[in-house]
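When a residue number appears, it is its place in the shown sequence, counting from 1.
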Amino acid sequence: MVLWIFLLLSALFLWLYWGNTSIRTTQVGIADKKIPASFSGFRIVQISDLHNAKFGKHQNRLLKAVRDASPDLIAVTGDLIDSRHTNLEEAMEFVRGAVRIAPVYYVTGNHEARLGRYALFKKKIGEAGVSIFKNTGATISRGGSCIRLLGLEDPAFSKPHGTNAENAALLDARLKAMRSAGNAYTVLLSHRPEQLDVYAANGTDLALCGHAHGGQIRLPFIGGLFAPNQGFFPKYTAGVHQKGRTKMVVSRGLGNSLAPLRINNRPELVVLTLTR
């Protein structure tokens, strides 16, 4: 009997360890008639909620997964660091490797807003070659056509304890200020999936978000158990969601924060392929 208990506990430990350290690569196809023909096959790797998690020496396992995806662009959608157990060097190990693979574009999450050393971190990643979006954007050109890439600073920088309604008003105003002329396909980087209505109201074609950690604990046939700013049994924790013409991809993220364990919810690397 003791042996069976030992074996059961050992199996549970190994399953939990594997479920928190083994990266799952999720392939997502995004088809839209607005995507220029020259961008068919354009690949974006989304990194979200790393929270200082470590995947091998110098992040070699994570960087290999990114490299194997052959991205044209790497989008970091917040919480690259963790305000509770911050290690800037571990985050920089990923950054220095990622910029050698593809152009890296970054928006903040709520943990960067809480970090007293964010100014130093911002300086370091900028010097490493990361493009930091603070309610700004860029035009990505390919084969004579272009798409627009926009990035929202996390609302916690302005409203540390803002309600969802307050955050929605803030993000809505920022998106309206960034709205550009023309009809280019628009990809938005934003940490917050609970604000899909705002992204849709502002004509976003594709939003890439994180923050929900996949619901931390995922239940069969139900999904995530709890997510910040969404509460229990949240609606937006993973996968593709749509409102009107706007599609939103929510990454389950890679690391943990306040809750130390993921259950039935492996760390996720999202690979998006655009097609016309």
Audit row: Phe42, Arg142, side chain to side chain contact (heavy atoms under 4.5 Å, CB included) steps and yes/no: CA-CA 9 Å; Phe42 189 84; Arg142 177 166 161 152; 3.1 Å; yes
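- The minimum heavy-atom distance linking Gly97 with Leu63 is given by the pair C-CD2, 3.7 Å.
- Partner Arg148 forms a side-chain hydrogen bond (donor to acceptor under 3.5 Å, both in side chains) with one of Thr186, Asn183, Thr204, Thr139 and no other, that one being Thr139.
- A distance-only check finds a donor-acceptor pair linking the side chain of Arg262 to the backbone of Gly255 [under 3.5 Å].
- Under the 4.5 Å side-chain contact rule for hydrophobic residues, Val271 and Met248 do not share a cluster.
- Residues passing the salt bridge (charged side-chain N to carboxylate O under 4.0 Å, His left out) test with Asp79, sequence neighbours excluded: none.
- In this structure a side-chain-to-backbone donor-acceptor pair under 3.5 Å is present from Thr136 to Lys134.
- For the pairing with Asn256, the side-chain hydrogen bond (donor to acceptor under 3.5 Å, both in side chains) check across Asp82, Asn52, Asn265, Asn20 returns one residue only, Asn20.
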Worked verdict on Asp49 versus Arg252 for salt bridge (Lys or Arg N to Asp or Glu O under 4.0 Å): CA-CA 8 Å; Asp49 300 274; Arg252 297 200 312 272; over 6 Å; no
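- Taken to the nearest 0.5 Å, the NZ atom of Lys64 stands 3.5 Å off from the CG atom of Asp68.
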From CA spacing to verdict: side chain to side chain contact (heavy atoms under 4.5 Å, CB included), Gln242, Thr246: CA-CA 6 Å; Gln242 186 158 355; Thr246 299; over 6 Å; no
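- Note that NZ of Lys159 is 13.0 Å distant from CG of Asp154, once rounded to the nearest 0.5 Å.
- A salt bridge does not link Arg96 to Glu127: none of the charged side-chain nitrogens sits closer than 4.0 Å to a carboxylate oxygen.
- For Tyr118 and Phe157, the ring centers sit closer than 6.0 Å to each other.
- Within a 6.0 Å radius of NZ in Lys34, other residues, nucleotides and ligands contribute more than 12 heavy atoms.
- Salt bridge present: Glu93 and Lys54 bring a charged side-chain N and a carboxylate O closer than 4.0 Å.
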Derivation and outcome, side chain to side chain contact (heavy atoms under 4.5 Å, CB included), residues Tyr185 and Ile30: CA-CA 12 Å; Tyr185 186 79; Ile30 300 294; 3.4 Å; yes
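- Remark: the backbone N or O of Asn264 is not paired with any side-chain donor or acceptor of Arg218 at under 3.5 angstrom.
- A donor and an acceptor atom, one from each side chain of Ser257 and Arg84, are located under 3.5 Å apart.
- A donor atom on one side chain and an acceptor atom on the other are not found under 3.5 Å apart for Ser131 and Tyr106.
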Worked check of salt bridge (Lys or Arg N to Asp or Glu O under 4.0 Å) between Arg276 and Asp32: CA-CA 5 Å; Arg276 183 176 174 82; Asp32 195 301; over 6 Å; no
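- In terms of modelled atom types and a separation under 3.5 Å, the side chain of Arg24 and the main chain of Glu268 share no donor-acceptor contact.
- Both Ile217 and Trp18 are members of a single hydrophobic cluster when ILVMFWY side chains are connected at heavy-atom separations under 4.5 Å.
- Here the side chains of Ile263 and Trp15 are in contact, with some heavy-atom distance below 4.5 Å.
- Between Val250 and Thr237 the shortest side-chain heavy-atom distance does not fall below 4.5 Å.
- Side chains of Thr273 and Gln27: a donor-acceptor N/O pair is absent below 3.5 angstrom, by distance only.
- The shortest heavy-atom contact between Gly210 and Ser48 is CA-OG, 3.3 Å.
- Annotation: side chain of Leu206 is in contact with side chain of Val249 (closest heavy-atom distance under 4.5 Å).
- Under the 30°/60° scheme for interplanar angles, the aromatic rings of His191 and His211 are found to be tilted.
- Remark: the backbone N or O of Gly109 is paired with a side-chain donor or acceptor of Glu112 at under 3.5 angstrom.
- Using a 4.5 Å heavy-atom cutoff, the side chains of Ile47 and Leu62 are in contact.
- Under the 3.5 Å distance criterion, the side-chain polar atoms of Gln46 are left unmatched by any main-chain donor or acceptor of Leu269.
- Summarising the geometry of Leu188 relative to Gly151, their closest heavy-atom pair is CD1-N, 4.3 Å, with the distance given to 0.1 Å.
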Side chain to side chain contact (heavy atoms under 4.5 Å, CB included) between Lys122 and Ile132, worked out: CA-CA 8 Å; Lys122 180 181 178 182; Ile132 304 166; 3.6 Å; yes
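- To the nearest 0.5 Å, atoms NZ (Lys176) and CG (Leu171) are separated by 11.0 Å.
- Under a 3.5 Å cut-off, the side chain of Arg61 and the backbone N or O of Ser22 do not form any donor-acceptor pair.
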Evaluation steps, salt bridge (Lys or Arg N to Asp or Glu O under 4.0 Å), between Asp205 and Lys247: CA-CA 6 Å; Asp205 295 304; Lys247 292 178 181 176; over 6 Å; no
Ser190 and Gln195: CA distance, side-chain angles, deciding distance, side chain to side chain donor-acceptor pair (under 3.5 Å) verdict: CA-CA 9 Å; Ser190 180; Gln195 300 296 344; over 6 Å; no
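- Tyr105 and Val130 are members of different hydrophobic clusters when ILVMFWY side chains are connected at heavy-atom separations under 4.5 Å.
- Pairing each heavy atom of Asn202 with each of Leu175, the nearest pair is CG-CB, 3.7 Å.
- Gln59 approaches Leu50 most closely through the heavy-atom pair NE2-CD2, 4.2 Å.
- Annotation for Cys146 and Ala184: closest pair O-CB, 4.3 Å, computed over non-hydrogen atoms.
- A 4.5 Å side-chain heavy-atom check between Arg192 and Cys209 finds every atom pair outside the cut-off.
- To the nearest 0.5 Å, the span separating CG on Leu152 from CZ on Phe133 amounts to 10.5 Å.
- Ser251 meets the side chain to side chain donor-acceptor pair (under 3.5 Å) test with no other residue; sequence neighbours excluded.
- Rounding to the nearest 0.5 angstrom, the gap separating the CD1 atom in Ile35 from the OG atom in Ser145 is 12.0 Å.
- Hydrophobic clustering keeps Tyr199 apart from Val240 (ILVMFWY residues linked when any side-chain heavy atoms are closer than 4.5 Å, directly or through intermediates).
- Using a 4.5 Å heavy-atom cutoff, the side chains of Thr86 and Phe121 are not in contact.
- Note that the CD atom of Glu194 and the CG atom of Asn229 stand 4.5 Å from one another [nearest 0.5 Å].
- When side chains are defined from C-beta on, Leu225 counts as touching Leu219, because their heavy atoms get closer than 4.5 Å.
- Relative orientation of the His111 and His51 rings is perpendicular, given thresholds of 30° and 60° on the angle between their planes.
- Note on Phe55: it clusters hydrophobically with Met92, by side-chain heavy-atom contacts below 4.5 Å among ILVMFWY residues.
- Looking at Val2 and Trp4, their side chains never come closer than 4.5 Å, going by heavy atoms from C-beta outward.
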